[in-house]
2 protein chains.
Amino acid sequence: MAKFKLDETDHQILDMLIENTRTPFTDIAKKLLISAGTVHVRVKKMEEAGIIIGSSLTLDYKKLGYAFIAYVGVFLKNTSQTKFVLERINEIPFVTVAHVTTGKFNVFCKIRAKNTQHAKDIIFLLDDIEGVYRTETMISLEESINDKKRLMHSIFKDM
Amino acid sequence: MAKFKLDETDHQILDMLIENTRTPFTDIAKKLLISAGTVHVRVKKMEEAGIIIGSSLTLDYKKLGYAFIAYVGVFLKNTSQTKFVLERINEIPFVTVAHVTTGKFNVFCKIRAKNTQHAKDIIFLLDDIEGVYRTETMISLEESINDKKRLMHSIFKDM
DNA sequence: GGTGAAAGCACCGAGTT
DNA sequence: AACTCGGTGCTTTCACC
């Protein structure tokens, strides 16, 4: 998990691909005044190094009828059950991320649901897991995302 | 924000593109036994409908030296300041998402940092925002992601 | 590590069923 | 709606710098 060295050109390539994975390498090449072959080689190297894990579509879950987001803090009866509970949590659909955390909760997860009714069903599944003492739900009323591009800019500035 | 109707073919196209945005349409066509032109038309329609918002790279932040994830619950002095505080939060680099929530916290955000020292700096910035009463941090010790593909399968099954 | 050219494909629109 | 087909343009490799 060592820090990998990327130069300014790599940053700019990532920058354009983060915005749109399908940006033609020829476009990137034109903008950076390098050849398309070079873009290709550099992307391949970043893939091989594992910096670029993959690419994915960004979908509008609201339009798909899944506008409900909530965070659920999970309290365990005993921390020794963490691994078991985490496995059970990962079997529940609509739980999009789960974290083992320090602080208030033992496990902390994010769920995406159709509506409150649907969210209730998911939370009940969480509550029913053996080893779960109780849960605490925080419903998201408004989401504001700091896009990846900004995060990457912050990271690049820091390197 | 109405629910949009997608058929089985659309599901399968999304499924392949979610896994790898650059999957050639010809490959998708071969697998689904339709023509590449059809794949093209359907993707375009989903883009026009706003279902597909865009595409992005998945990067290994650990390899970039950003292995630290924490969730920070923010308590406000007064909920009328929510909008102002949210704007200030969005100006802080390395805060990747912020939610206005019901429940324990007023605002809830996720941060990505290099290490504990760096995280401390970010949290201090949050604490210093005018209107913030106090914050509560939960450090992620272990992350387990339910990939998009599984979420989409759950969504498709439900439609 | 970069280039430029060339071969091989993919994309995508037009016209057809 | 989906297909075929063809022009255009993208990707990817390779010999050379």
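Throughout, a chain's letter reflects where its sequence line sits, starting with A, and its residues are numbered from 1. It should be emphasised that the depicted structure is a prediction, and the values quoted were computed from it without experimental measurement. Atom set for the values below is all heavy atoms of this structure, side chains included, hydrogens, waters and symmetry mates excluded.
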- prompt: Does the side chain of Ser35(A) get closer than 4.0 angstrom to OP1 or OP2 of dG2(C) through an N or O atom?
  reply: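 Checking dG2(C) against Ser35(A), no side-chain N or O comes under 4.0 Å of OP1 or OP2.
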
- request: Go along nucleotides 10-15 of chain C 5' to 3' and tag each nucleotide: B for a protein heavy atom under 4.0 Å from its base, S when only backbone or sugar atoms are that close, - otherwise.
  value: SSBS--

task: Could you grab the distance from atom OG of Ser154(B) to atom OH of Tyr66(A), nearest 0.5 Å is fine?
output: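 Separation between the atoms: 7.5 Å.
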
statement: salt bridge (charged side-chain N to carboxylate O under 4.0 Å, His left out) pairs touching residues 76-85 of chain B, sequence neighbours excluded, are Lys83(B)-Glu87(B)

Using whole Å, report how far [atom1] of [X] lies from [atom2] of [N].
X	N	atom1	atom2	result
Asp7(A)	dG1(C)	CG	P	10 Å
Leu32(B)	dA1(D)	CG	P	18 Å
Glu8(B)	dA2(D)	CD	C1'	18 Å
Met46(B)	dA1(D)	CE	P	13 Å

query: Any idea how Phe105(A) and Phe75(A) line up, ring-wise: parallel (<30°), tilted (30 to 60°), or perpendicular (>60°)?
result: perpendicular

message: From C-beta outward on Lys45(A), which listed nucleotide comes closest to its side chain: dG1(C), dA1(D), dG2(C)?
response: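 Nearest nucleotide to the side chain: dG1(C).
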
message: If you count heavy atoms of other groups shown closer than 6.0 angstrom to CZ of Phe84(B), is the number above 12?
response: yes

message: Centre-to-centre under 6.0 Å for His11(A) and Phe156(A), is that the case here?
response: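 When the ring centroids of His11(A) and Phe156(A) are compared, they turn out to be within the sub-6.0 Å range.
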
task: Verify the distance criterion only: is there a donor paired with an acceptor across the side chains of Asn146(A) and Thr96(B) at less than 3.5 Å?
output: no

